[in-house]
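Counting convention: from 1, in listed order, for ligands and their atoms alike. As a basis for the values below, the full set of heavy atoms in this structure was taken, side chains included, without hydrogen atoms, waters or symmetry mates.
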Amino acid sequence: MISKDYMDLTEQYVLHTYNRFPVVFEKGEGVYLTDVDGKQYLDFGAGIAVFALGYGNQAYNDALKAQIDKIIHTSNLFYNEPLPEAAQKLAKASGLSKVFFTNSGTEAIEGALKAARKYAYLKEQEKNRKEAPAYELIAMNHSFHGRSVGALAVTGNPHYQEAFKPLMGGVRFADFNDLESVKAQVTDRTCAVILETVQGEGGIYPADPDFLKGVRALCDEKDILMILDEVQCGMGRTGSWFACQQYGVAPDIMTSAKALGCGVPVGAFILSEKVANASLVPGDHGTTYGGNPFACAAVSKVFDLFEELHILEHVQALTPYLEQQLDALVGKYDFLKARRGMGFMQGIEVEGRPVGEIVSKALENGLVIMSAGSNVLRFVPPLVIEKEDIDEMVRRLEASL
Ligand SMILES: *Cc1c(COP(=O)(O)O)cnc(C)c1O
């Protein structure tokens, strides 16, 4: 089949919930993708910040194949071999205590919200009061946490929510990087504040250090839980395992997904000791697939390969060069306004031109980049890119501007 056939067949049988770019990818190698017509693309999107290791990493592929030949799925009614190792590695990397594996970032958010509400529920029971437990959540405007009814309720984008109301109740919105606006939403019913350490879909906005520390202090003072969504900015993307570690801020609950399995669908929410000891218990939460041997073998291998390939150090070392090159573009073109980001999660704000047009043009020129928000070019390459790849990206992008 030629690419037009794949596209027609897709439109015929796949529910039209995406406006896809007219490219059919067939395979990948390193940081390059190849479409069914044999054209090569330099990949600065990594399947939306997922494929951190690059394509065709033989050790990763072999680990998955070996697990497939042993067993793929057992259910959570039993123990399995790869689960404890994957959980231990994620707990250690996050600095938190207990892990629940899910199948996506959205489900990680759902679990995190339930854990927070259960914590508040038990706290209220302990006080032996008849009052309803604290159930309110404070979320951020322009946040993104997923499309299920709970995750959508804390996603600060009225356009996404509009047709699906009423969503989960008890959510109040504050402005990201505005501590006073968060304080203004606190009531004696607040159980948690949820935010991304670096807002991704909203347009690549890193938290200000004072803001993140301020939210942590506010939560400590009021006995409110802090949930950090590191689905996109975590797993080495910013040069540390999780972005919050660069701020010296530890959440009570963290969510991970995207690069966690490097392409195998897996997410997780991770609880601090304090929350783990006083929230979800058997019967409260579950998943058929979550934490299955196949997904956990992937997670475990991802952690091993990050260590072997010194991924965190590599991201730290190459970030200044990437930032320099992006800053140079901002200096050169007057419709490129500002660069923001951390590590290999960068955005350039575009003014007076549709970002989608630049993304389409880049694709024609063999470069995959993505947009974020309504006017931001997003750069979330595989974490194994080298200096030459950055130079090549700049060449292909400039040809598209
Ligand atoms: C992508 C994303 C999600 C949702 O993850 P899915 O795997 O698509 O369900 C949640 N939060 C953030 C910050 C994300 O970037």
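Using a distance-only test at 3.5 Å, with no hydrogens or angles considered, a donor-acceptor pair links the side chain of E230 to the main chain of C244.
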Before giving the answer on salt bridge (charged side-chain N to carboxylate O under 4.0 Å, His left out), spell out for K123 and D223 the whole-Å C-alpha distance, their side-chain angles and the decisive distance to 0.1 Å.
CA-CA 10 Å; K123 207 168 66 181; D223 198 13; 3.2 Å; yes
Begin with the C-alpha distance, continue with both residues' side-chain angles, and end with the deciding distance and a verdict on side chain to side chain contact (heavy atoms under 4.5 Å, CB included) for V36 and M1.
CA-CA 8 Å; V36 289; M1 291 208 304; over 6 Å; no
Quick one: do R395 and D391 satisfy salt bridge (charged side-chain N to carboxylate O under 4.0 Å, His left out)? Show the steps, please.
CA-CA 6 Å; R395 272 193 290 278; D391 294 339; 5.6 Å; no
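Side chains of S240 and Q246: a donor-acceptor N/O pair is present below 3.5 angstrom, by distance only.
If you look at ligand 1, the protein residues with a non-hydrogen atom under 4.0 Å away are S104, G105, T106, F144, H145, E196, D229, V231, Q232, K258.
Side-chain contact check for H73 versus F294: every heavy-atom pair is 4.5 Å or farther apart.
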